[in-house]
J.: 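I'd like to ask you about the structure that follows.
Note that the structure is a prediction, hence the values are computed from the model and not measured.
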Amino acid sequence: MSAKSSDIEKAAGVLHAGGLVAFPTETVYGLGASAEDPAAVARIFQVKGRPPSHPLIVHIGGVEQLGDWVEDVPATARLLAERFWPGPLTLVLRRGRRVPLEATGGLETVAVRVPDHPVALALLSAFGGGVAAPSANRFGSVSPTTADHVRAELGDAVDFVLDGGPCEVGVESTIVDATGDVPSALRPGGVAREDLEAVLGCPIAVHSTSRVRVPGQHPSHYAPRARVVLVEPEKVVAEAELAQELGHQVGVFLPPSLASAPVKAHAVVEVPASMAAYARGLYGFLRQLDQKGCDLIVVSLPVEEGLGVAIANRLRRAAGPRPSTGIDVPDLQER
């Protein structure tokens, strides 16, 4: 879906006036403000309920603009940018003077990327600057992958919603710390580690925690209202039925190995065999089970290869700081 040129111009005008615009990227919808306007950036944190210490991603229109926003561009950072931009890769680099500390959570590093979406790129071109944007949802909740998700969650707290259709990737960008001699992945996402390693010609570490604060690393992130419980694939049906018998409204992510298996639950989602399709639908599936009134979601982690790493990361964070390895019967009875 392509947004009308008049809508893109209107959105650019809202950004110039210090307003907030929700806009599509290939990953999720972002809640954007002018990256050089501290007051507008502060409104993002207010609307989301996001702690101001959590840095934002600055979206720019092309790799040729990178030097305008960062202090220096190491050779490895340029190599990755030229290979993966536009695309779901965010680079953490030394902050340039154009970027206010409000956008970086007070850090001297800044997260930057070029989104791979025609509407986002048209908006950036029309605006003529950088747009600081986290996902367009309340802090910690499920990220939006359609304009309707944004409207349902944020309502008129957003000055303009630019509708570009559903997001193609569906999980957030991979974040790479490129400030040192050896890059490291700080958040798995739309670019797989294997692809990064193929370009760099060397192994790349993936850190679940880091000295560098980055977006999307809160212990309880990407979470639906329902409690998410992680179990082994072969236990999904039994654990779901146990919880249902104990009085819960259970939603189930049925893995491909159990496709069409009968399960006594309140609602069932059959997980696609394709990791790309699973990633694209993940947040929609979580929202769907919330909307059906589930209070508990039983899910198994996918094989952690390629996009499966990003999906597993999001499910662990949706489960919260103490992810379950099974259903705790006494806890369920107390609830």
Side-chain angles (χ1 to χ4, degrees), residues 26-29 88 135 137 141-146 148-149 165-174 187-195 206 208 216 220-244 248-320 323-327:
E26 78 280 23
T27 58
V28 300
Y29 271 71
S135 55
N137 55 281
S141 68
V142 179
S143 300
T145 53
T146 70
D148 285 343
H149 292 165
C167 301
E168 286 297 315
V169 174
V171 293
E172 290 81 358
S173 59
T174 300
R187 179 182 74 180
V191 174
R193 178 181 63 184
E194 297 89 338
D195 294 331
V206 178
S208 58
S220 181
H221 219 89
Y222 318 114
R225 290 189 298 272
R227 177 188 170 198
V228 175
V229 176
L230 307 178
V231 302
E232 296 298 323
E234 65 274 12
K235 296 181 180 179
V236 165
V237 172
E239 298 278 21
E241 291 186 342
L242 170 61
Q244 190 75 19
H248 281 265
Q249 298 287 84
V250 179
V252 184
F253 274 28
L254 204 60
S257 60
L258 298 174
S260 302
V263 53
K264 296 176 183 177
H266 182 67
V268 176
V269 168
E270 291 192 5
V271 173
S274 160
M275 287 296 101
Y278 192 178
R280 188 162 51 246
L282 174 62
Y283 293 144
F285 298 154
L286 293 172
R287 287 177 179 272
Q288 175 186 329
L289 295 182
D290 264 348
Q291 290 166 359
K292 290 187 175 182
C294 297
D295 61 21
L296 187 144
I297 298 172
V298 179
V299 60
S300 62
L301 298 179
V303 175
E304 296 191 49
E305 298 175 353
L307 275 175
V309 177
I311 296 167
N313 171 270
R314 301 316 189 268
L315 288 172
R316 287 194 181 96
R317 293 188 178 279
S324 303
T325 55
I327 294 181

J.: Can a side-chain donor-acceptor contact be found between S143 and E172 if the only test is distance below 3.5 angstrom?
T.: yes
J.: I'd like to know if the side chain of S135 reaches the main chain of N137, judged simply by a donor and an acceptor atom lying under 3.5 Å from each other, with no hydrogens or angles considered.
T.: no
J.: Where do V169 and T27 come nearest, in terms of heavy atoms and distance?
T.: CB-CA, 4.1 Å
J.: More than 12 heavy atoms of other residues, nucleotides or ligands under 6.0 Å from CZ of R193: yes or no?
T.: no
J.: So, is the end of the R317 side chain (NZ or CZ) under 6.0 Å from the ring centre of Y222 and within 45° of the ring's axis?
T.: no
J.: Working note: L230 + R316, criterion side-chain contact (heavy atoms from CB on, under 4.5 Å); need CA distance, chi angles, decisive distance, verdict.
T.: CA-CA 8 Å; L230 307 178; R316 287 194 181 96; 4.1 Å; yes
J.: Scan the side chains in residues 251-273 for donor-acceptor partners under 3.5 Å anywhere in the protein, sequence neighbours excluded, and list what turns up.
T.:
from: H266; atom 1: ND1; to: Q249; atom 2: NE2; distance (Å): 3.2
from: H266; atom 1: NE2; to: K292; atom 2: O; distance (Å): 2.6
from: E270; atom 1: OE2; to: S260; atom 2: N; distance (Å): 3.3

J.: Provide the closest heavy-atom pair for V191 versus P88 in the form atom of the first, atom of the second, distance.
T.: CG2-O, 3.5 Å
J.: Could you check V299 against V231 for side-chain contact (heavy atoms from CB on, under 4.5 Å), going step by step and ending with a plain yes or no?
T.: CA-CA 6 Å; V299 60; V231 302; over 6 Å; no
J.: Taking atom types as modelled and ignoring hydrogens, do the side chains of D148 and T146 form a donor-acceptor contact shorter than 3.5 angstrom?
T.: no
J.: Is the side chain of D295 donor-acceptor paired with the backbone N or O of V250 at a distance under 3.5 Å, no angle test?
T.: no
J.: Would you check if V229 and I297 make a side-chain contact, meaning some heavy-atom pair closer than 4.5 Å?
T.: no
J.: I need the I311 CD1 to E305 CD distance, nearest 0.5 Å.
T.: 12.0 Å
J.: Search all heavy atoms of P224 against all heavy atoms of D290 and return the closest pair with its distance.
T.: CB-OD2, 3.2 Å
J.: Can you name the residues that form a salt bridge (charged side-chain N to carboxylate O under 4.0 Å, His left out) with E168, not counting sequence neighbours?
T.: none
J.: Between S173 and R187, does any side-chain donor sit less than 3.5 Å from a side-chain acceptor?
T.: yes
J.: At what distance, to the nearest 0.5 angstrom, does CG of L296 lie from CD of E239?
T.: 10.0 Å
J.: With a 3.5 Å distance limit and no angle check, can you tell me whether N313 reaches the backbone of P188 through a side-chain donor-acceptor pair?
T.: no
J.: Using 0.5 Å steps for rounding, measure from the CD atom of Q288 to the SG atom of C294.
T.: 9.0 Å
J.: Taking NZ, NE, NH1 and NH2 as the nitrogens, is one of them in R280 or E26 under 4.0 Å from a carboxylate oxygen of the other?
T.: no
J.: So do L282 and R314 actually touch side chain to side chain, heavy atoms under 4.5 Å?
T.: yes
J.: Would you call Y283 and H149 a side-chain contact if the rule is heavy atoms closer than 4.5 Å?
T.: no
